[in-house]
Amino acid sequence: MKIVNVVGARPNFMKIAPLLEEMSRHSELRALLVHTGQHYDAAMSTLFFQELAIPAPDLNLEVGSASHAVQTALIMQRFEKVLLEEKPDLVLVVGDVNSTIACALTSVKLGIPVAHVEAGLRSFDRSMPEEINRLLTDAIAEYLFTTEKTANENLLREGIPAEKIHFVGNVMIDTLLKHRDKAARSQILTQLRVQEQTYGLVTLHRPSNVDCPPTLEAILSALSALAQRLPILFPCHPRTREKIGAFHLMHYFTQPTNGTLSRGMYLYEPLGYLDFLKLMAEAKLVLTDSGGIQEETTILGVPCLSLRENTERPVTVTGGTNTLVGVAREQIIAKALEILSQPRMPYPVPELWDGHAAKRIVQILLENFGHIPQRP
Ligand code: UD1
C-alpha cells in the first residue's frame, strides 16, 4: 500500500510526525512525504523537521507564498504530476491549510482516495479561509479521522456517511506527549531571562486579527496594558511582524535590557517546537488566535485566552483550559486579569488524547486496504 502524505505549513508538521513514524513500523506500507513549500523559512519549516525527526520530504513542490488562488492552483498543478508519476493507493492530508484542500482535490480528480486527519472541526465562520478548506476537504475525503466527538456530529449533519468517520483522537497531542520531557530541558527561559509562571505568552496570525489595522491595534493595546502586570512574550509569525511594521505599531513593544525581563511586551522571531512547548508549559497565561495552541494548552493545563469570537475546537472550552474572549480591548484585559487572579484547576484530558491517535489511524487504513484481518 503506497501512501502519499502531504504537509505544507507549520501546523502540519507536528501532525504528520507521529503518522510517518507509525507507518514506518509496517513493512506493507510505503509512505512518501510531499512538502508543498507553503511555508519555507528555516524558522517556519526546516527547524520542525529536525526537532521532530521528520524524514526529509521525498518531494518539495516549492510553491511559496502567493494569493490563495495562485497558491492553491500552483500546488494542484505540481501535485498532479507527482500523483501521475507515483500512482499511490491513498493520499493523506492533515489540518485545514491551503495545501490540505489543494492536494485533496487533485487526488480525488484522479480517482485516488483521500484520508483527512483532523476532519469535522467547524468554527461555523465562513470568512475564515481554514473553514472553507475544512468543509471542502471533508466533502471529498474517503476516510475522515476526527479528534473530538463534536466533529463526528458536524460531519453526520453534513451528510457524510457514518462508515467514513473514525473518532481516533489527536495526532498533535501524540507529538506533544512524546516531546514533553525533551522540551522540559529547553534553555529558552534562561535565554529570554524569564522565570516559570511569571509571564504571559502570545501568538497571533489570523488574517482577521492582524490584517486590519484597528483590530491589530486594539489587541496590541490590550496586551501592552496587560504587560504592565507581567512580561508578555510574543514570538511573532512573519505575517504579523510585517503588519506590525506596516501599520506603525512597534511602539507597543519594549526593548529587552540586560537582566531578568521586567514588565513590558517583547517581540521575538518564531520559535522552534521544543522551545515553544517549554514556554507554553511554564506560562502563567497564553493568549492566542491559533487553533492548535488551544488544544496544547488544554493538555498542559495552562489557561488559554483565545482572541477569537469562535472556535472549531469546542472541547477545549467545555472540557479544557480555553476561554473565548474576542478582540475587544477592555474584554481582553478584564478576562486576563480575572484568570490571573484565580488558582489553577485540574482539567480532565479530552477523550482519546492519549498519545495513540496515529496508531489508530494506521490500523484503520491497513484494515480497509485488506492488509490485516478486520476487527470483530
Ligand atoms: C497558514 C494557514 C493557517 C495556519 C498558518 C500557520 C492557510 C490558508 N493558512 O497561514 O491556517 O494557521 O499557516 O502559520 O493555509 N511567510 C514567511 N515564511 C514562511 C511562510 C510564510 O515569511 O515560511 C510569510 C509570507 O510573507 C506570507 C505570510 O507569511 O505571505 C503568510 O503565509 P501563508 O502561508 O499565506 O499563510 P499563514 O498566514 O502562515
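In this chain, numbering begins with 1 at the start of the sequence shown.
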- Task: Please lay out, stage by stage, how Met44 and His237 fare under the test side-chain contact (heavy atoms from CB on, under 4.5 Å).
- Result: CA-CA 9 Å; Met44 298 294 284; His237 188 285; 3.5 Å; yes

- Task: Evaluate side-chain contact (heavy atoms from CB on, under 4.5 Å) for Lys15 paired with Val117, printing each intermediate quantity in order.
- Result: CA-CA 8 Å; Lys15 293 170 193 163; Val117 175; 5.6 Å; no

- Item | Derivation and outcome, salt bridge (charged side-chain N to carboxylate O under 4.0 Å, His left out), residues Glu130 and Arg134 | CA-CA 6 Å; Glu130 294 84 0; Arg134 289 190 280 259; 5.7 Å; no

- Message: Assigning hydrophobic clusters by single linkage (Ile, Leu, Val, Met, Phe, Trp, Tyr; side-chain heavy-atom cutoff under 4.5 Å), is Val315 placed with Leu176?
- Response: yes

Report the distance from atom [atom1] of [X] to atom [atom2] of [Y], rounding to the nearest 0.5 Å.
X	Y	atom1	atom2	value
Lys81	Thr106	NZ	OG1	12.0 Å
Leu271	Gln191	CG	CD	9.0 Å
Tyr199	Arg193	OH	CZ	14.5 Å
Thr311	Gln294	OG1	CD	3.5 Å
Thr36	Arg78	OG1	CZ	10.5 Å

- Task: Provide the closest heavy-atom pair for Leu84 versus Lys87 in the form atom of the first, atom of the second, distance.
- Result: O-NZ, 2.9 Å

- Item | Identified side-chain contact (heavy atoms from CB on, under 4.5 Å) counterpart of Ile299 within the set Leu177, Thr321, Thr316 |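 Of the listed residues Leu177, Thr321, Thr316, the side-chain contact (heavy atoms from CB on, under 4.5 Å) partner of Ile299 is Leu177.
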
- Query: Applying the side-chain contact (heavy atoms from CB on, under 4.5 Å) test to Glu51, which of Leu274, Thr46, Leu277 qualifies?
  - Reply: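 Answer after filtering Leu274, Thr46, Leu277: Leu274.
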
- Task: Answer with yes or no whether the side chains of Glu295 and Asn170 bring together a donor and an acceptor at under 3.5 Å.
- Result: yes

- Message: Within the 3.5 Å criterion, strictly below it, is a donor on Asn133 or Thr100 matched to an acceptor on the partner's side chain?
- Response: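 Asn133 vs Thr100: no donor-acceptor pair found between side chains.
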
- Stepwise side-chain contact (heavy atoms from CB on, under 4.5 Å) test for Ile244 and Leu220: CA-CA 9 Å; Ile244 290 170; Leu220 292 183; 4.2 Å; yes

- Mutual orientation of the aromatic rings belonging to His166 and Tyr143 [parallel < 30°, tilted 30-60°, perpendicular > 60°]: parallel

- Query: Going by the angle between their ring planes, with limits at 30° and 60°, are His35 and Phe49 parallel, tilted or perpendicular?
  - Reply: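 His35 vs Phe49 ring planes: parallel.
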
- Query: Is it true that Glu269 and Arg241 make a salt bridge, defined as a side-chain N closer than 4.0 Å to a carboxylate O?
  - Reply: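 Between Arg241 and Glu269 there is a salt bridge, with a charged N closer than 4.0 Å to a carboxylate O.
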
- Arg313 bridged to Glu148 by N-O distance under 4.0 Å: no

- Compare all side-chain heavy atoms of Phe276 with those of Ser186 and state whether any distance is below 4.5 angstrom. no

- Message: Taking the side chain as everything from C-beta on, heavy atoms only, tell me whether Arg10 gets closer than 4.5 Å to His205.
- Response: no

- Starting from the C-alpha separation in whole Å, work towards a yes-or-no answer on side-chain contact (heavy atoms from CB on, under 4.5 Å) for Thr150 and Thr318. CA-CA 11 Å; Thr150 58; Thr318 55; over 6 Å; no

- Give a yes or no on whether the backbone of Asp174 and the side-chain of His356 come within a donor-acceptor separation of less than 3.5 Å. no

